[in-house]
Q: 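Please find one structure pasted underneath; my questions will follow.
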Amino acid sequence: MAKLNLNREPMPRQKPEVRAKNFNEVALGYSAEQAKAEASRCIQCPKRPCTEGCPVHVDIPDFIKAIHDGDMPEAVRILKSKNALPGICGRVCPQETQCEAVCSLAKKGAPIAIGRLERYVADWERTNTGLARSVLDPPVLTRKRVAVVGSGPAGLTVAADLAKMGHSITIFEALHVAGGVLMYGIPEFRLPKDIVQAEVEYVTSLGVELKLDWVVGKIISVDELLNNGYDAVFLGTGAGLPMFLNIPGENFNAIYSANEFLTRVNLMKAYKFPEYDTLVEIGRRVAVIGGGNVAMDSARCALRLDADEVYIVYRRSEAEMPARREEVENAKEEGIHFKLLTNPKQFLGSERNWVVGMECYEMELGEPDESGRRRPIAKPGSEFILDVDTVVVALGTTPNPLVPSTTEGLATTSRGTVVIEKTGQTTKPKVWAGGDVTTGAATVISAMGAGKVAASSIDEYLRGNVS
Amino acid sequence: MYKILLKEDLVPNIHLLKIEAPAIAAKAQPGQFVVLRVDEPGERVPMTIADWDEEEGSITIVFVEVGTTTRKLESLMAGDLITNLVGPLGLPTHIEKLGTIVCVGGCYGIASIMPIARAMNEAGNKVISVIEARSKNLLFWEDKLRSVSDQLIITTGDGSYAAKGWIPERIKELVGGGNKVDLMIAVGCTYMMMLCAETTKPFGIKTIVHLNPIMVDGTGMCGCCRVSVGGATKFACVDGPEFDGHLVDWDLLIARQGAYLSKELYSLQMWECQNWNKH
């Protein structure tokens, strides 16, 4: 191994002024040389803190060593034995707070760019089909059937793991395409949709059946699934219900929930109108309310849809923003304006019901609240009007009540999340849950981690049944 | 993919499609809707389920040809496929024996009200159905409505058939004439439903309206279909689509329905240009 190198290989990216006008992926990915150079920085420390830091316990030093040795099929095998969706995780996982945060190199310099290497391995596999697939041993079939409700990160992980264990899996997806939030939420420029679909195809290649256009809770209930030959059910229905501010004027035209805005743009491809039929109405001056990744995604979409000015309006300061650092930086580079310590009071509308402005308070930070962040307080008399003609409300989401409200015996919390044990088991026998439906909106990888835990618990239960 | 079993042009501009969908047919209830996507570039559009046949495994939708999606739908024939169909969505109509029920349908709503009238009739209510069309040649399903109603009142805008005038006038005659009405349910264009609600309000007759705002997913995920009812914001797709017509903020609903009008027209024009050779 070469001498300790404390600087990571930079990630090639589209230039801000170019990418702000297109929906192509911002980060372009490592070349083979760059990947090898970055992989050679790994000191292969014996403690392997990165693997511990990963919610799905990928054997990170091993796949990095395989890249370094130039054995890419082996790198794919190691990565995919723990993570069915590496192309997605390599792009959207917050590695900086997980595996990379605990990297031994982080004490002295830049940690290994684990996410970028993960992405490199996944992309290598996608462009070199046939070279890496055969490493999976076909499982012994158990003839046990599991219904997975929702095809987001949690559902796909559960389905892939259980299929590898030999169970027969059917995924029920409400939308017309699989992937959940990976398809409707995260934009193309951060997570290309053909990559999501390639990873969905990998999951179906394991023998998983995919039923699209099935709204469980409407067309079939959880009890009906259990009575119709499924031995267990996993609920990975996500957090799909948008929160609003509940302030005057919120129903004016051109005020969107981030869910609606991103669904129109990403899932329905409104950015390709009129080739695609779905519309989105973007004015000249757009305010996005919120400070999370969804707010950054919405703001950057609005910019690409040709808005003149896009504002992030956030009631706390930048230090409290829940968005990934990298996404905040990307947004700033592209020219998004940050209106911090600002909170809307009401929306102003035209006679014809279109939003024409937003009255805001200036805020200051008080004592920390229950979330540990300093509580924002409106400064009296500080109201001012922000001149905007489009608003996206990105305040977060709560679980969709469709399944819980139609499933007897499934306990939920006051926030609408499904109650589970550590194993993912719900209060209803034979029913497991994981991901955002149990936690409220969180990350892709934490949903996948929950999926892995639930899959092993379901497997244990099913095998207990195999006499 | 979902196969079209039958296409029928009911009247100029209003068409019927029977689509193979056994799982939806097995679960459909009066007042529910489906969301469909005609083809890959298509939008997701809600349509009320006008009828269903569990044995045949089919559902029926009736639509007005008004924009790109409905124009595309109209160009399809039996044997053709639509890409996506999801349902049954929304809360079903609350069916119970109440006494006398007035079932109102205008435009595509003539079809949508039929299964509601039928279920109310089967539940033992006296059903008075009231349907309207601009002119006689735009009227359809008269026989179907008659077969599920104790009384059928027809009105045409130009007086070319039955009574002359519009539904609210007939409602006024009906309730003003001292008939005891326990509930009214209206389906059709927003303006008609609004006028119906205004007509019954002074008489204190509970009036359910079947709202049709723009939707995207239809499962409570996006909030596009939010309506204001009694001052509270509701999602028509999961909290509705039926609401108390006396509490609906009609101005807001009408404004939100028109949000994309100019671009919708542009979209349709583009489609027509590129598909000039389609039926």
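Every chain is numbered from 1 and lettered A, B, ... according to where its sequence line falls, protein lines coming before strand lines.
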Q: Start with the C-alpha distance between A:Thr398 and A:Met243, add both sets of side-chain angles, then the distance that settles side chain to side chain contact (heavy atoms under 4.5 Å, CB included), and finish with yes or no.
A: CA-CA 7 Å; A:Thr398 56; A:Met243 296 205 277; 3.9 Å; yes

Q: Can any side-chain N or O of A:Thr417 pair as donor or acceptor with the backbone N or O of A:Gly440 at less than 3.5 Å?
A: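 The answer is no, because no donor-acceptor pair under 3.5 Å joins these two groups.
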
Q: Heavy-atom distances under 4.5 Å only: say whether B:Arg256 touches chain A with side chain, backbone, both or neither.
A: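 Both backbone and side chain.
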
Q: Measure B:Thr68 against the heavy atoms of chain A and call it side chain, backbone, both or neither at under 4.5 Å.
A: side chain

Q: Using non-hydrogen atoms and a 4.5 Å limit, figure out which bit of A:Asn400 sits close to chain B: side chain, backbone, both or neither.
A: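 The side chain, not the backbone.
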
Q: Heavy-atom pairs under 4.5 Å with chain A - which of B:Gly258, B:Gly220, B:Gly223 has more of them than the others?
A: B:Gly220

Q: Is it true that B:Lys7 and B:Asp80 make a salt bridge, defined as a side-chain N closer than 4.0 Å to a carboxylate O?
A: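 Answer for the salt bridge query: no.
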
Q: For A:Glu224, which atoms come within 4.5 Å of any heavy atom of chain B: side chain, backbone, both, or neither?
A: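 Answer is side chain: those atoms of A:Glu224 sit under 4.5 Å from chain B.
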
Q: Backbone N or O of A:Asp306 within a donor-acceptor pair of the A:Arg284 side chain at under 3.5 Å?
A: yes

Q: Please classify the contact between A:Val280 and chain B as side chain, backbone, both or neither, with a heavy-atom cut-off of under 4.5 Å.
A: backbone

Q: Taking the inter-plane angle between the rings of B:Phe235 and A:Phe244 on a 0 to 90° scale, is it parallel (under 30°), tilted (30 to 60°) or perpendicular (over 60°)?
A: perpendicular

Q: Out of B:Cys222, B:Cys224, B:Ser228, which one racks up the most heavy-atom pairs below 4.5 Å with chain A?
A: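 When all of B:Cys222, B:Cys224, B:Ser228 are compared, B:Cys222 has the most.
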
Q: Between B:Leu73, B:Val45, B:Asn84, which is the residue that forms a side-chain contact (heavy atoms from CB on, under 4.5 Å) with B:Val38?
A: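 Per the side-chain contact (heavy atoms from CB on, under 4.5 Å) rule, the option paired with B:Val38 is B:Leu73, out of B:Leu73, B:Val45, B:Asn84.
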
Q: Heavy-atom distances under 4.5 Å only: say whether A:Leu402 touches chain B with side chain, backbone, both or neither.
A: side chain

Q: Could you state the interatomic distance from CG (A:Asn343) to CD1 (A:Ile247), rounded to the nearest 0.5 Å?
A: 7.5 Å

Q: Looking only at side-chain N and O atoms, does B:Tyr2 offer a donor or acceptor that is under 3.5 Å from a partner on A:Asp213?
A: yes

Q: Please look at B:Ile214 and chain A and tell me whether the side chain, the backbone, both or neither of the residue comes under 4.5 angstrom of a heavy atom of that chain.
A: side chain

Q: Chain B: which of A:Thr278, A:Val215, A:Ile220, A:Leu279 shares the most heavy-atom pairs with it under 4.5 Å?
A: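 Between A:Thr278, A:Val215, A:Ile220, A:Leu279, the count favours A:Leu279.
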
Q: Chain A: which of B:Leu268, B:Thr233, B:Val238, B:Asp217 shares the most heavy-atom pairs with it under 4.5 Å?
A: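 Between B:Leu268, B:Thr233, B:Val238, B:Asp217, the count favours B:Thr233.
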
Q: Can you say whether B:Gln274 sits under 4.5 Å from chain A via the side chain, the backbone, both, or neither, judging by heavy atoms?
A: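 Interface part for B:Gln274: neither.
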
Q: B:Leu91 versus chain A, heavy atoms under 4.5 Å apart: side chain, backbone, both or neither?
A: both

Q: Please determine if B:Lys18 and B:Asp53 form a salt bridge, counting it only when a charged side-chain N lies under 4.0 Å from a carboxylate O.
A: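 The answer is no: the pair does not qualify as a salt bridge.
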
Q: Salt bridge or not for A:Arg304 and A:Glu188, using N-O below 4.0 Å?
A: no

Q: So which part of A:Pro242 gets closer than 4.5 Å to some heavy atom of chain B, the side chain, the backbone, both or neither?
A: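 For A:Pro242, backbone and side chain are both near chain B.
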
Q: Between A:Tyr256, A:Phe273, A:Trp214, A:Tyr276, which has the largest tally of heavy atom pairs under 4.5 Å with chain B?
A: A:Tyr276

Q: Relative to chain B, which segment of A:Ile255 carries a heavy atom at a distance below 4.5 Å: side chain, backbone, both, or neither?
A: both

Q: For the candidates A:Ile219, A:Asn246, A:Thr263, which exhibits the highest count of non-hydrogen atom pairs separated by less than 4.5 Å from chain B?
A: A:Ile219

Q: Look only at the side chain of A:Glu209 and the backbone of A:Phe172, and say whether a donor-acceptor pair between them is shorter than 3.5 Å.
A: no

Q: Please state whether the side chain, the backbone, both or neither of A:Phe261 comes within less than 4.5 Å of a heavy atom of chain B.
A: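 Answer is neither: A:Phe261 stays 4.5 Å or more from chain B.
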
Q: Using a 4.5 angstrom heavy-atom cutoff, name the option from A:Asn253, A:Asn259, A:Val177, A:Asn353 with the most pairs to chain B.
A: A:Asn253

Q: Name the region of A:Glu281, side chain, backbone, both or neither, that has any atom closer than 4.5 Å to a heavy atom of chain B.
A: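 Contact with chain B is through both the backbone and side chain of A:Glu281.
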
Q: Please confirm whether A:Phe252 and A:Phe347 have ring centers closer than 6.0 angstrom.
A: no

Q: Decide, yes or no, whether a salt bridge links B:Lys27 with B:Glu54 under the criterion of side-chain N to carboxylate O below 4.0 Å.
A: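 No.
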
Q: Determine, for B:Glu74 against B:Arg71, whether the closest basic-nitrogen to carboxylate-oxygen distance falls under 4.0 angstrom.
A: yes

Q: B:Met270, B:Met221, B:Glu264: which one forms the most heavy-atom pairs within less than 4.5 Å of chain A?
A: B:Met221

Q: If we define contacts as heavy-atom pairs under 4.5 Å, which of B:Thr83, B:Ile24, B:Leu252, B:Asp249 has the most with chain A?
A: B:Leu252

Q: Given the options B:Thr219, B:Ile254, B:Asp251, which has more heavy-atom pairs under 4.5 Å with chain A than any of the others?
A: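 Most pairs with chain A among the choices: B:Thr219.
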
